[in-house]
Amino acid sequence: MGTGAAMGVESAGITLVKSDHRGIVWARRLAWATLRNIRQNLFLRVLIQFHGCADCFGDPSPAFEVLLSPVIPTATMSFSSVSVIANALRLRRLKL
């Protein structure tokens, strides 16, 4: 609890500020949602980067048989960063 000794508060993994034990359930749900979000972000980032960069660095596109401009990986890098941020912001709307 938040009113415990300072040493106990520092060594605890979770410190409840109120005397409500439902905070433990809330913290576990938030932790699982955060881990799920991290996995989704890693998958999205790898998928977008691989798709955007494969055509530009020596592997010609099967549809066009030409090498594309280096602007493509730059745009996919920006898009993947925005998609990771947008996916992480979904945690704010999570109903715990």
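Counting from 1, the numbers follow the sequence of the chain as shown. Just so you know, these numbers use all the heavy atoms, side chains as well, and skip hydrogens, waters and symmetry mates.
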Evaluation steps, side-chain contact (heavy atoms from CB on, under 4.5 Å), between Arg45 and Met77: CA-CA 8 Å; Arg45 184 113 187 184; Met77 182 84 157; 3.7 Å; yes

Residue list, side-chain hydrogen bond (donor to acceptor under 3.5 Å, both in side chains) with Arg22, at least two apart or on another chain: Asp20

Transitive ILVMFWY cluster of Val25, excluding itself - 4.5 Å side-chain cut-off: none

By side-chain hydrogen bond (donor to acceptor under 3.5 Å, both in side chains) - contacts of Arg28 (at least two apart): none

Shortest non-hydrogen contact between Asn37 and Asn87, atoms and distance: ND2-O, 2.8 Å

Separation between CG of Leu35 and CG of Leu30, rounded to the nearest 0.5 Å: 9.5 Å

Hphob cluster co-occupancy, Val84 + Leu91, side-chain heavy atoms under 4.5 angstrom: no

